[in-house]
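Notes to accompany the following structure.
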Amino acid sequence: MKHAIIVAHPNPKSLTCEIANAYLKAVAELGQQGVLRDLYRVGFAPCLTGEEIPGPGGYVCPPDIQRERDLIDHVDVFAFVYPFWFNAPPAILKGYVDRVFSMGFGYEPGPGGNQSLLDGKRLISFTTSGAPDEWVKQTGALDTLAKGFDSHLAAVCGLTVADHVHLGGVTPGITAEAVGDMLVTVRTATRKAFDPALTELV
């Protein structure tokens, strides 16, 4: 099994980036492969261009997006790792979805409408916020994101949502112990979702 870990945070020393690395290590321990796409470090350009919008002339895939698609084309799992900003993904990640998961990769035109192209592949998300977990759940912020982003992307592209793990209370004064507990949560969720020995028992 191969995973694309798509992480969106400007600070390479952030907990978000630590989570991405913990996920990468966890899948390696399962004997699986991971390709890390750190959007800020690779300088991903998130702004959709006019030429990329399908029209009468068809769809034009820019060279940078074709290279990105080639890198993640044969993965089985897409793992998104990002912070909640205004209860939504960072703009760079939304732009990644807009450009990479669009026509020709996530879906294509069909006789009855768009046809999904990523059927059989899975989506897992790990998100962080400064707000406590309970607040994020009680206000409906997590549920709204899961429905509007995870579920919609999955429905359009044919993905199966494996999990969405949210880690709240990430503040400047967070203790090393709390960080350690969160990384254990990440590794546990990864094994639960993708360890063949566990999934065979479900």
Check step by step if side chain to side chain contact (heavy atoms under 4.5 Å, CB included) holds for Thr16 and Val7. CA-CA 7 Å; Thr16 300; Val7 56; 3.8 Å; yes
Start with the C-alpha distance between Asn87 and Thr144, add both sets of side-chain angles, then the distance that settles side chain to side chain contact (heavy atoms under 4.5 Å, CB included), and finish with yes or no. CA-CA 9 Å; Asn87 288 346; Thr144 298; over 6 Å; no
From the options Phe149, Tyr107, Phe78, select the one residue that forms a ring-ring contact (aromatic ring centres under 6.0 Å, His included) with Phe101. Phe78
If I take atom [atom1] from residue [X] and atom [atom2] from residue [Y], how far apart are they, to the nearest 0.5 angstrom?
| X | Y | atom1 | atom2 | answer |
| --- | --- | --- | --- | --- |
| Asn11 | Glu18 | CG | CD | 10.0 Å |
| Ile124 | Thr160 | CD1 | OG1 | 12.5 Å |
| Glu29 | Thr190 | CD | OG1 | 10.0 Å |
| Leu24 | Ile5 | CG | CD1 | 4.5 Å |
| Phe126 | Ile19 | CZ | CD1 | 8.0 Å |
| Tyr23 | Leu183 | OH | CG | 15.0 Å |

According to side chain to side chain contact (heavy atoms under 4.5 Å, CB included), who are the partners of Pro46, at least two apart in sequence or on a separate chain? Phe44, Ile92
With sequence neighbours excluded, tell me which residues meet side chain to side chain contact (heavy atoms under 4.5 Å, CB included) with Leu48. Glu52, Ile53, Arg99
Heavy-atom pair of closest approach, residues [X] and [Y]:
| X | Y | answer |
| --- | --- | --- |
| Leu36 | Ala20 | CD1-CB, 4.1 Å |
| Pro89 | Leu145 | CD-CD1, 3.6 Å |
| Gly168 | Met182 | O-CE, 3.2 Å |
| Pro83 | His9 | CG-CD2, 3.8 Å |

What pairs with Asp98 under salt bridge (Lys or Arg N to Asp or Glu O under 4.0 Å), at least two apart in sequence or on another chain? Lys94
Applying salt bridge (Lys or Arg N to Asp or Glu O under 4.0 Å) to Lys147 and not counting sequence neighbours gives Asp143
Honestly curious: do [X] and [Y] fall in one hydrophobic cluster under the side-chain, below-4.5 Å linking rule?
| X | Y | result |
| --- | --- | --- |
| Met1 | Leu30 | yes |
| Val179 | Leu167 | yes |
| Val136 | Val81 | no |
| Phe105 | Leu123 | yes |
| Ile72 | Val97 | yes |

Got [X] and [Y] here, is their nearest side-chain heavy-atom distance under 4.5 Å?
| X | Y | result |
| --- | --- | --- |
| Leu93 | Leu39 | yes |
| Ser116 | Lys121 | no |
| Met103 | Cys61 | no |
| Cys17 | Lys13 | no |

Please determine whether side chain to side chain contact (heavy atoms under 4.5 Å, CB included) holds for the pair Val27 and Gln33, giving the CA-CA distance in whole Å, both sets of side-chain angles, and the decisive distance to 0.1 Å. CA-CA 7 Å; Val27 298; Gln33 293 180 288; over 6 Å; no
Can you run down the side-chain hydrogen bond (donor to acceptor under 3.5 Å, both in side chains) pairs that involve residues 35-46, sequence neighbours left out, and say none if there aren't any? Arg37-Glu68, Asp38-Arg41
Which residue pairs satisfy the side-chain hydrogen bond (donor to acceptor under 3.5 Å, both in side chains) criterion with at least one member in residues 162-171, sequence neighbours excluded? Thr127-His164, Thr127-His166, Ser129-His166, Asp150-His164
Give me the ring orientation class for His3 and Phe194: parallel if the planes are under 30° apart, tilted from 30 to 60°, perpendicular past 60°. perpendicular
Taking Val100's backbone N and O only, do any of them form a donor-acceptor pair with Arg69's side chain (distance below 3.5 Å, no angle check)? yes
Could you go through Val156 and Asn114, starting from their C-alpha distance and side-chain angles, then the distance that decides it, and tell me whether this counts as side chain to side chain contact (heavy atoms under 4.5 Å, CB included)? CA-CA 8 Å; Val156 171; Asn114 288 334; 6.0 Å; no
